[in-house]
Undergrad: 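Following this message is one structure expressed as structure tokens.
No hydrogens, no waters, no symmetry mates; every other heavy atom, side chains included, goes into these values. Computed from a predicted structure; not experimentally measured.
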Amino acid sequence: MDQDQKKRAAAAAALSYVQPDSIVGVGTGSTVNYFIEGLADIKNDIQAAVSSSEESTKRLKALGIEVMDLNSVGNFDIYVDGADEITEHKHMIKGGGAALTREKIVAAVADQFICIIDDTKQVPMLGKFPLPVEVIPMARSYVARELLKLGGDPVYREGVITDNGNVILDVHNLKILDPVELEKQINAIVGVVTNGLFAKRGANVVLVGTDSGVVTIK
Ligand code: 5RP
């Protein structure tokens, strides 16, 4: 199986976690796009979706799936999203698609985070994938200097403005030995909106597309 087939298989497996008449939290990215396609087939069985980006909202609506504002719903069962890296502890780096802040918000409201990935995303330690940090534009240089002090090499993702009107710094060469602590430390820098470490609230279930089928990690 190639990488896309593995993504598609993991996304299809996530459909079995969707409860009848429920609200479904929907992430962002190429793996989630396959999930959205599958969700369209069962759209009459669910209440609606809550989306983590303008891109996913556009795709959901184009397929006739109702999208609700997060403020108008209470807690819901599941949030389905991909990841750029994930460890055996279900700590993740996310934000390759610049949607990390809304992803973290929607994930926080869901009871369960169902992570859908192909097996290239599994790593022994986070950090080979540069850590995305969403930053208020006027704080970009200050935050970059603070990230240097933490041992990282921040690179401005030029030409990218997030759905929230902010910019992204991709931090290279971080040694992420304690993801929970680093997530907290980076979020404490003034001007940071959020960072792409999903460690304090990691995944609950990981569905991994592999050559021998989808492996479920709980
Ligand atoms: C977007 C994300 C995505 O979940 C992550 O980048 C993985 O994307 P893909 O499924 O395309 O590999 O965090 O902000």
Side-chain angles (χ1 to χ4, degrees), residues 25-32 50-57 69-71 75 79-87 89-110 112-115 117 121 123-204 206:
V26 176
T28 299
S30 58
T31 317
V32 164
V50 172
S51 170
S52 63
S53 64
E54 298 298 334
E55 175 62 28
S56 289
T57 298
D69 184 316
L70 184 63
N71 290 309
N75 279 53
Y79 173 69
V80 179
D81 201 355
D84 298 301
E85 284 185 348
I86 187 162
T87 67
H89 304 294
K90 304 191 190 76
H91 296 150
M92 296 167 276
I93 285 183
K94 293 185 42 56
L100 59 160
T101 299
R102 294 191 187 189
E103 290 174 345
K104 210 176 261 196
I105 295 168
V106 182
V109 183
Q112 285 210 299
F113 187 132
I114 314 289
C115 180
I117 51 164
K121 308 291 184 67
V123 295
M125 187 168 81
L126 298 174
K128 192 164 175 211
F129 190 93
L131 177 67
V133 180
E134 180 164 352
V135 177
I136 301 284
M138 71 174 286
R140 191 184 89 216
S141 299
Y142 168 70
V143 171
R145 290 194 295 276
E146 293 299 302
L147 290 167
L148 276 169
K149 289 183 198 165
L150 292 177
D153 296 318
V155 176
Y156 175 35
R157 203 185 292 182
E158 291 199 48
V160 172
I161 299 290
T162 70
D163 287 348
N164 314 305
N166 299 313
V167 297
I168 299 283
L169 293 173
D170 290 306
V171 193
H172 295 249
N173 303 321
L174 279 171
K175 270 211 170 59
I176 308 183
L177 299 172
D178 186 344
V180 175
E181 182 54 30
L182 188 64
E183 180 179 3
K184 202 160 60 175
Q185 258 181 309
I186 295 178
N187 282 343
I189 301 171
V190 174
V192 168
V193 178
T194 196
N195 72 80
L197 278 169
F198 284 55
K200 181 167 174 276
R201 200 268 194 262
N204 300 96
V206 189

Undergrad: Under the 3.5 angstrom rule, does the side chain of Asn187 hit a backbone N or O of Asn195 as a donor-acceptor pair?
TA: yes
Undergrad: Answer yes or no: is there a donor N or O on one side and an acceptor on the other, between the side chain of Glu85 and the main chain of Phe129, under 3.5 Å?
TA: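 Side chain of Glu85 to backbone of Phe129: a pair is present.
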Undergrad: With no hydrogens and no angle check, is any side-chain donor or acceptor of Asp163 less than 3.5 Å from a backbone partner on Ser53?
TA: no
Undergrad: Does Ser52 reach the side chain of Val26, with side-chain heavy atoms less than 4.5 Å apart?
TA: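 No; the side chains remain at least 4.5 Å from each other.
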Undergrad: First locate atom OG of Ser51, then atom CD of Glu103, and finally report the distance between them rounded to the nearest 0.5 Å.
TA: 9.5 Å
Undergrad: Identify the residue among Leu147, Val143, Thr194 that makes a side-chain contact (heavy atoms from CB on, under 4.5 Å) with Ile186.
TA: Leu147
Undergrad: Would you say the side-chain atoms of Lys90 pair up with the backbone N or O of Gly202, donor to acceptor, closer than 3.5 Å?
TA: no
Undergrad: With rounding to the nearest 0.5 angstrom, report the CD1 to CD distance, Ile161 to Glu134.
TA: 10.0 Å
Undergrad: Begin with the C-alpha distance, continue with both residues' side-chain angles, and end with the deciding distance and a verdict on salt bridge (charged side-chain N to carboxylate O under 4.0 Å, His left out) for Lys200 and Glu183.
TA: CA-CA 8 Å; Lys200 181 167 174 276; Glu183 180 179 3; over 6 Å; no
Undergrad: Verify side-chain contact (heavy atoms from CB on, under 4.5 Å) between Ile136 and Asn166, making sure each step is shown before the conclusion.
TA: CA-CA 5 Å; Ile136 301 284; Asn166 299 313; 3.7 Å; yes
Undergrad: Less than 4.5 Å apart, side chain to side chain, heavy atoms only: is that true for Arg157 and Pro132?
TA: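 They are in contact (side-chain heavy atoms under 4.5 Å apart), so the answer is yes.
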Undergrad: Would you mind reporting whether Ile168 and Leu100 have side-chain heavy atoms less than 4.5 Å apart?
TA: yes
Undergrad: Donor-acceptor pair, Arg140 side chain versus Leu169 backbone, under 3.5 Å?
TA: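 Such a contact is absent between Arg140 side chain and Leu169 backbone.
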Undergrad: Has the side chain of Arg201 got a donor or acceptor atom that lies under 3.5 Å from a matching backbone atom of Ala107?
TA: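 Judged by distance alone, yes, a pair lies under 3.5 Å.
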Undergrad: Just so I know, are the side chains of Asp81 and Lys94 near enough to count as touching, which here means a heavy-atom distance under 4.5 Å?
TA: yes
Undergrad: Considering residues at least two apart in sequence or located in another chain, which fulfil the ring-ring contact (aromatic ring centres under 6.0 Å, His included) criterion with Tyr79?
TA: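 In terms of ring-ring contact (aromatic ring centres under 6.0 Å, His included), with neighbours along the sequence ignored, Tyr79 is linked to Phe113.
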Undergrad: With a 3.5 Å distance limit and no angle check, can you tell me whether Asn75 reaches the backbone of Ala110 through a side-chain donor-acceptor pair?
TA: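 Flag not set: sc Asn75 to bb Ala110 has no pair under 3.5 Å.
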Undergrad: For Pro137 versus Val167, what's the shortest heavy-atom pair and its separation?
TA: CA-CG2, 4.2 Å
Undergrad: May I ask you to test the Leu182-Asp178 pair for a side-chain heavy-atom distance under 4.5 Å?
TA: no
Undergrad: Would you check if the side chain of Lys104 reaches a backbone N or O of Leu197 as a donor-acceptor pair within less than 3.5 Å?
TA: yes
Undergrad: Out of curiosity, Ile86 CD1 to Ile93 CD1, how far, rounded to the nearest 0.5 Å?
TA: 11.0 Å
Undergrad: Write down the atom of Val206, the atom of Ala203, and the distance for their closest heavy-atom approach.
TA: CG2-CB, 4.2 Å
Undergrad: When rounded to the nearest 0.5 angstrom, what distance separates CE in Met125 from CG in Leu177?
TA: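 That separation rounds to 5.5 Å.
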Undergrad: Would you name the heavy atoms of Ser56 and Val32 that are closest together and state the gap between them?
TA: OG-CG1, 4.5 Å
Undergrad: Would you please test Asp153 and Val171 for side-chain contact (heavy atoms from CB on, under 4.5 Å) and show each step?
TA: CA-CA 5 Å; Asp153 296 318; Val171 193; 5.9 Å; no
Undergrad: Walk me through it: do Asp170 and Leu131 pass the test side-chain contact (heavy atoms from CB on, under 4.5 Å)?
TA: CA-CA 5 Å; Asp170 290 306; Leu131 177 67; over 6 Å; no
Undergrad: My understanding is that only one of Thr28, Thr162, Asn164 makes a side-chain hydrogen bond (donor to acceptor under 3.5 Å, both in side chains) with Arg102; could you say which?
TA: Asn164
